[in-house]
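Since the structure comes first, as structure tokens, the remarks are kept for the end.
Predicted, not measured: the structure shown is a model, and the values here were computed from it. Note: hydrogens, waters and symmetry copies are ignored here, and every other heavy atom, side chains too, is used. In each ligand, atom 1 is the first atom listed, and ligand 1 is the first ligand listed.
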Amino acid sequence: MDVICPLDVEFSDKISLLLKPPSSEDVQNYFDKIIEERQCIGLKIKQDGEFGKGIYADSEFKEGDLVLKDQMLVGAQHSSNKVDCLVCSYCFRFIGSIELQIGRKLYLQQLGSSVRKECDTETYSHISKKCRLDDSSDEEDDSHRTSHNEGSCSNSQQKETVPLPEEVLESLLKGDVKLPYADQFNLPSSVPCPGGCDEAQYCSKFCADADWELFHSSLCTGKNSVSSSRESILKFIEHANETNDIFILAAKAISSTISRYKKLKEAQTEQQVRFTGQNGIDSSGFSFLLEAWKPMSMGYKRRWWDCVALPDDVDSCDEASFRMEIKELAFQSLDLLKKAIFVKECAPLFSLEIYGQIIGMFELNNLDLVVASPVEDYFLYVDDLPDKEKEEAERITRPFLDALGDDYSASCEGSAFFPLQSCMNHSCCPNAKAFKREEDKDGQATIIALRPISKGEEVTISYIDEDLPFEERQALLADYGFRCKCKKCRGENP
Ligand SMILES: C[S@@+](CC[C@H](N)C(=O)[O-])C[C@H]1O[C@@H](n2cnc3c(N)ncnc32)[C@H](O)[C@@H]1O
């Protein structure tokens, strides 16, 4: 039986308006403004390309040039990665100190609270926590690919680790033990969540305030949280962690839209009262909701349960029940979210149609969020020391490296939606790629030219491993909802 969400029926007109494709003028203005704000000199957006909108070079780029640095609209660290790395919950920069990063990871691992390293066998594993096929972590560079919100599963052939006494880890955590040369790797100190929860920590007050204003104030479970439904938020988060952490991203997208809505409405009310002495705002405030939704309206989207590719282990005759199963899963999640953060004035955002479209948008556009670990840099630094210094340093650092095992260099991993980068079309012979450089220590997307790009040429990236054979490429691209029609594919399959 089909899932019926009462809000979809009650607000069908408003939902249609929210999902109506924006006019080409609105699209152009929106992206031109972002290009200007990001100071992406030499790029422009065009809407009349073969595959809809795309990014084009407006000047020449040489091989290795930075083409674009894009800030995320919404992003989250994978829940399974939180044991490995302590990062700013807003910009995903590593925080604390080398000692804290190592001590915390070993402490949590040894406490046995780790949920990582298990290639899930839960009911929904085929749609949520797939092992990454296109894992870029074993490439020598730090490139990141468009992602499908999977928690990456580590190599099962891990070297045995050698645990350390709890007292040693506690001293590391408290800052009583200083590791040699760790002061060469200064990390920003941790700024606590204004709501008092332990889940979110920041690299600066700026990030703490920005996250609070946009996302976290409605999703915080701390004692100073403004939310009246801490229990419900916890239940929603628990469900997302157990099934698919893309739901956390969807919740962040909804809470940021609500927060923009409230700000727009407040500003307009203030202005009206100042000029007329009365509040003449339309009580439904739907025009503000439309405006607040604008960043989401610009993303390429389809309903999640319609666009997700059929997993290999699901027979095509079971396709309808598979799609119904994930629709029901989305409905369960939405129900928990409604109990946690529902705002009556923004009710259409809590319809299943909108929820499905938001998740579908992330499925089709998201990029893997990867930030390299300073702990890896630290151990490499020690390894590169002159023999005498290295021997002395390693006497202290070796037990920590042995306790960490092969996984000592785990990066921060997550998934994020980037407004400009998500306009880049795919090519199996791309001229650019997502690539983190030495200085890219946060969660921004960095796109670098792979070869010279001439003025007027479209900038393309590969969403998958483009060196795979034709059919394998098409199978992977099915996860992004299309069959590739790039030059290389046309050549191989005319
Ligand atoms: C991330 S979006 C890129 C922006 C998109 N063109 C738009 O109009 O918003 C990805 C979608 O663009 C289209 N697309 C991108 N590259 C393509 C390719 N090489 N062949 C066919 N369609 C492609 C597909 O519809 C795909 O689902």
_Checking the N or O distance criterion of under 3.5 Å, is ligand 1 in contact with H426?_
yes
*Flag if over 12 foreign heavy atoms under 6.0 Å of CG, D312*: no
*asked:* Below 4.0 Å from ligand 1: does a non-hydrogen atom of S427 turn up there or not?
replied: no
_Is it true that S24 and Q47 share a donor-acceptor pair across their side chains at a distance under 3.5 Å?_
no
*Can you pull out the closest protein heavy atom to atom 20 (N) of ligand 1? Residue, atom name and distance to 0.1 Å, please.*
K485 N, 3.1 Å
*Taking only heavy atoms of S422, which atoms of ligand 1 are found under 4.0 Å from at least one of them?*
1 (C), 2 (S), 3 (C), 4 (C)
*Answer with yes or no whether G54 contacts ligand 1, where contact means a heavy atom under 4.0 Å from a ligand atom.*
no
*To the nearest 0.5 Å, tell me how far D368 CG sits from Y463 OH.*
13.5 Å
*Taking the six-membered ring for Trp, is the centroid-to-centroid distance between W305 and F331 below 6.0 Å?*
no
*Closest protein heavy atom (residue, atom, distance) for atom 3 (C) of ligand 1*: N425 OD1, 3.2 Å
*For atom 8 (O) of ligand 1, the protein heavy atom that lies nearest, with its residue and separation*: K53 N, 2.9 Å
*Which one of R303, K14, K327 satisfies the salt bridge (Lys or Arg N to Asp or Glu O under 4.0 Å) criterion with E353?*
R303
_Any carboxylate oxygen within less than 4.0 angstrom of a Lys/Arg side-chain nitrogen, looking at K262 and E345?_
no
*Is the shortest distance from a Lys or Arg side-chain nitrogen in K433 or E466 to a carboxylate oxygen in the other one below 4.0 Å?*
no
*Would you check whether Q47 reaches within less than 4.0 Å of ligand 1, judged by its heavy atoms?*
no
*Is any side-chain N of the basic residue among E439 and K69 closer than 4.0 Å to the acidic one's carboxylate O?*
no
*Can you figure out which of Y480, Y300, Y463, F482 has its heavy atom closest to atom 22 (N) of ligand 1?*
F482
*Shortest protein contact, atom 6 (N) of ligand 1 (heavy atom only)*: F51 O, 2.5 Å
*Going by the order shown, which atoms of ligand 1 are within less than 4.0 Å of some heavy atom of C423?*
4 (C)
*Number the atoms of ligand 1 from 1 as they appear, then name those within less than 4.0 Å of a heavy atom of C484, with their elements.*
19 (N), 20 (N)
*Closer than 4.0 angstrom: is that true for some heavy atom of G481 and an atom of ligand 1?*
no
*Going by an N to O cut-off under 4.0 Å, is there a salt bridge joining K263 and E213?*
yes
*Just jot down the ligand 1 atoms closer than 4.0 angstrom to any heavy atom of R483, in number order.*
20 (N), 21 (C)
